[in-house]
Number of protein chains: 2
Amino acid sequence: MFKVRAIEIVLSIRPAMNLKELATKLGLSPTTVSRALNGYPEVNEATRERVMAAAKRHNYYPNTRAIRLATGRAMAVGHVIPIATRHEIVNPVFADFIAGAGETYSRNDYDMVLSVVPDEGEEDTYRSLKSKGNVDGVIVHAPRMNDPRIPLLREIGLPFVVHGRATGTAEPYCWLDVNNRRAFQRATEFLLDLGHTRIALVNGLEFMDFAIRRRTGYVDALTARGITPDPALMASDEMTEIAGFRAASAMLALPNPPTAILAASMISGMGVRRAVEGKGLTVGREVSIIIHDDDLSYMKNGEDVPIFTATRSSVREAGRLAAEMLLDVIAHPEAAPQQRLLEAELIIGQSTGPAPKG
Amino acid sequence: MFKVRAIEIVLSIRPAMNLKELATKLGLSPTTVSRALNGYPEVNEATRERVMAAAKRHNYYPNTRAIRLATGRAMAVGHVIPIATRHEIVNPVFADFIAGAGETYSRNDYDMVLSVVPDEGEEDTYRSLKSKGNVDGVIVHAPRMNDPRIPLLREIGLPFVVHGRATGTAEPYCWLDVNNRRAFQRATEFLLDLGHTRIALVNGLEFMDFAIRRRTGYVDALTARGITPDPALMASDEMTEIAGFRAASAMLALPNPPTAILAASMISGMGVRRAVEGKGLTVGREVSIIIHDDDLSYMKNGEDVPIFTATRSSVREAGRLAAEMLLDVIAHPEAAPQQRLLEAELIIGQSTGPAPKG
DNA sequence: TTGCGCATCCAAAGCGGTTTGAATTGATTC
DNA sequence: GAATCAATTCAAACCGCTTTGGATGCGCAA
């Protein structure tokens with residue numbers, strides 16, 4: 001009994017083999033072993049193979065902490081998530097973005113570190129992340145108008161990529177965004193082409209940059225066809241089922257109700273649908289609905305919910321691409337800021353149809 | 001122009017002040033400065049204050065990478081998220097758990113590192129996390145029956161805490177779980193007390209441990225009152241809106257339909273509600289519904305959705321507590337495995353009422 | 001034969017902290 | 001007045017890797 005236990009303890013306590021030990025075992029210097037493993041040219045191919053084999057055999061893994069200190073790089077990327085507001089991790093869209101970004105980091109041997117901090121501590125977090133050297137760069141989530149994080153990050157010299165854009169920021173910076181304006185413009189045009197003229201917008205909160213752009217696209221499309229946007233047909237609220245339900249219910253109760261509704265997300269779209277059906281109307285006949293579909297992996301349009309006509313853009317893919325961009329920025333800090341605009345595609349589903357005859 | 005640019009570059013390139021520099025500036029040895037900052041007793045209080053002040057003034061932050069190498073601790077905790085399946089990050093519940101855990105880590109100056117890896121790579125990930133020394137411990141998510149990760153982690157000696165339990169694992173291990181069996185037992189009893197006898201269960205996938213326990217609780221409660229569980233009233237599927245809708249619709253179409261339905265989550269509960277209303281029935285009168293409510297921050301029962309009667313247990317709080325447990329295990333690796341069972345509370349909402357008179 | 005270049009390999013100096021083992025000093029004890 | 005002790009402080013080793021600046025040996029042109 002005691003004996004067995006002692007052995008276990010020894011086994012679990014024995015530290016992992018390190019470079020020096022491996023080198024000794026091979027009768028080589030740590031320098032050569034390190035170079036052999038890292039693919040440097042100044043080492044004999046036969047030697048390299050011997051080293052690689054030995055490393056595998058003794059399953060040697062270089063200690064990440066030592067590498068990080070020696071190279072001066074963190075090999076890690078940060079995502080700072082403020083709590084208290086209901087718009088971040090809280091938001092189911094966020095999880096998919098993180099999943100996408102995480103795939104990229106895994107492939108490149110980077111760690112993804114999430115910092116969950118109180119709202120007011122976000123700036124301090126960036127500062128300390130930088131000066132303590134925990135990460136090589138960060139992704140900025142959910143930009144707002146004149147977002148203070150952008151000048152801050154530039155000032156402290158921490159590489160970053162913004163997911164979305166911050167209206168009002170003058171200096172160029174790295175970002176990756178979906179063309180929200182164009183997406184909602186196209187969706188609106190699609191409805192106009194179907195003969196709709198009373199088209200409503202159930203938007204997200206309009207201090208978020210993407211919501212502003214969506215409204216612009218919607219308004220532009222209407223205006224271009226000579227239709228004056230009706231404030232009664234524009235709502236702005238959280239993107240929840242109940243908010244969608246309420247906004248749509250109110251609009252449908254108007255003397256001159258909409259025949260088509262644009263919803264900001266799948267969830268609010270479900271609320272809109274409930275409102276329409278609750279009025280005894282049929283979606284796609286009396287009332288058309290178009291949603292924006294982030295292509296969430298746990299809630300596929302047409303799989304988990306009936307097929308909505310939608311402007312679709314995978315937020316997970318956006319996560320992958322934003323992460324790639326960030327790694328690139330980290331590798332080439334002096335390069336000009338990259339910017340990338342993804343286009344959403346218009347998916348025709350069963351929730352839209354010709355405008356009902358007056 | 002050039003001048004300004006040059007200054008910027010110098011500013012952004014100048015490395016952060018380090019211990020040695022600070023020590024020199026103070027006319028002290030690095031040893032003393034380090035000790036002063038870390039609260040060791042063998043340093044004069046006057047000196048300590050001088051050091052603290054200087055550190056703040058020059059805003060010195062110790063380099064995390066160096067600390068990690070020197071102390072041999074990663075000061076980081078891992079969460080491994082397999083992709084490909086639809087049950088992890090993918091799952092909106094997961095985000096809230098992570099947020100809760102993240103709060104704990106922030107408070108304790110630990111980093112939270114998320115590894116998003118392909119399903120089949122999960123075991124290798126744990127191995128490499130351990131041998132490369134990236135983390136001091138991990139949280140195991142979504143345990144299944146006879147989960148292979150538990151023996152693996154024990155074997156490689158990486159501290160861990162399981163969120164949930166793994167039926168079939170013999171050796172004791174650390175876990176934190178909600179008493180799912182009791183929660184569903186109580187919910188079922190509550191319905192029985194209201195006079196219901198045809199009670200249905202719309203469960204999650206039953207290879208997940210929590211789903212098994214919930215069914216047990218449900219079956220036990222029925223059996224204890226002399227009611228034989230009816231297989232036609234038990235469904236098991238993804239916890240999506242559409243799955244809830246389909247399962248409930250099928251049950252309500254039976255010759256002898258249920259008068260009450262237990263749903264595994266808020267989302268599937270919404271599907272159940274849609275099915276009930278779609279049949280022209282009223283929730284809380286003809287059909288009672290009880291859901292399990294994870295108290296998700298982006299979807300509050302009674303705020304974003306009408307109030308359901310529910311068994312409630314905050315998954316975010318679970319994240320906080322599990323993280324605390326893990327930090328404790330890391331600090332005292334030799335201690336006996338901790339285990340903690342959280343009780344869900346029964347929230348009485350508007351979705352339940354007395355059984356309709358036959 | 002000498003010298004140069006190339007291919008290999010290695011000793012040692014970092015990276016920026018923590019921690020061990022002593023040294024220094026002034027006060028206390030006998 | 002010598003020895004002892006507690007309070008402070010420091011020099012140096014160490015954590016495990018990378019990287020600089022040589023060595024070493026050998027083939028080959030001069």
Side-chain angles (χ1 to χ4, degrees), chain A residues 13-52 54-55 58-76 109 111 128 130-134 136, chain B residues 13-52 54-55 58-76 109 111 128 130-134 136:
Chain A
I13 285 197
R14 190 217 305 285
M17 145 146 342
N18 62 19
L19 225 210
K20 208 202 297 190
E21 288 168 22
L22 184 61
T24 307
K25 228 179 261 289
L26 281 161
L28 288 171
S29 74
T31 308
T32 303
V33 176
S34 169
R35 285 182 166 150
L37 294 174
N38 291 309
Y40 281 71
E42 55 268 83
V43 36
N44 189 304
E45 271 315 311
T47 309
R48 186 193 308 279
E49 277 166 31
R50 209 158 61 86
V51 172
M52 302 282 256
H58 297 93
N59 64 60
Y60 163 76
Y61 288 88
N63 183 300
T64 303
R65 299 191 289 268
I67 294 179
R68 287 174 172 167
L69 179 57
T71 61
R73 301 186 308 163
M75 296 303 288
D109 268 310
D111 276 355
S128 108
K130 166 69 180 183
S131 37
K132 303 203 295 188
N134 290 33
D136 296 321
Chain B
I13 285 195
R14 190 217 306 287
M17 145 147 341
N18 63 18
L19 225 211
K20 208 201 298 188
E21 289 168 21
L22 184 62
T24 306
K25 230 179 258 289
L26 281 161
L28 288 169
S29 74
T31 307
T32 302
V33 175
S34 169
R35 284 182 168 150
L37 294 174
N38 291 310
Y40 282 71
E42 57 268 83
V43 36
N44 187 306
E45 271 315 312
T47 308
R48 186 192 307 281
E49 276 167 31
R50 210 158 60 84
V51 171
M52 300 285 254
H58 297 94
N59 62 63
Y60 163 75
Y61 289 89
N63 183 302
T64 303
R65 299 191 290 266
I67 294 179
R68 287 175 173 167
L69 179 57
T71 61
R73 302 186 307 165
M75 296 301 288
D109 268 308
D111 275 354
S128 107
K130 166 70 179 182
S131 36
K132 304 204 295 186
N134 290 32
D136 295 321

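A quick note: this is a predicted structure, and the numbers were derived from the prediction, not measured. Every chain is numbered from 1, with letters handed out A, B, ... down the list of sequences. Just so you know, these numbers use all the heavy atoms, side chains as well, and skip hydrogens, waters and symmetry mates.
- Within the 4.0 angstrom heavy-atom criterion, only backbone atoms of the sugar-phosphate kind lie near B/Gly27; the bases stay farther away.
- The side-chain heavy atoms of A/Arg68 and A/Arg65, taken from C-beta on, include no pair separated by under 4.5 Å.
- With a 4.5 Å cut-off on side-chain heavy atoms, A/Asn63 and A/Asn18 do not count as touching.
- Of all nucleotides in DNA chain C having an atom under 4.0 Å from a heavy atom of chain B, the first and last in 5' to 3' order are C/dG16 to C/dG21.
- Annotation: the span from A/Glu21 atom CD to A/His58 atom NE2 amounts to 10.0 Å, rounded to 0.5 Å.
- The structure places CG of B/Asp136 at 7.5 Å from CE of B/Met75, a figure rounded to the nearest 0.5 Å.
- Residues A/Leu26 and A/Val51 have side chains in contact (heavy-atom distance under 4.5 Å, counting atoms from C-beta outward).
- Here the closest non-hydrogen pair linking A/Ala76 and A/Asn134 is CB-O, 3.7 Å.
- Between B/Ala16 and A/Ser131, the closest heavy-atom pair is CB-O, 4.3 Å.
- Contacts between residues 60-72 of chain A and DNA chain C, defined by a heavy-atom separation under 4.0 Å, are made by A/Leu69, A/Ala70.
- In terms of heavy-atom proximity, A/Arg48 sits nearest to A/Gly39 at NH1-CA, 3.2 Å.
- Close approach of DNA chain D to chain A, defined as any atom under 4.0 Å from a non-hydrogen atom of the protein, starts and stops at D/dG16 to D/dG21.
- Looking at every heavy atom in both residues, B/Ala55 comes nearest to B/Leu37 through CB-CD2, 3.9 Å.
- In terms of position on DNA chain C, the residue among B/Thr31 and A/Glu45 whose nearest nucleotide sits closer to the 5' end is A/Glu45.
- Using a cut-off of 4.0 Å between Lys/Arg side-chain N and Asp/Glu carboxylate O, B/Asp109 and A/Lys132 are scored as salt-bridged.
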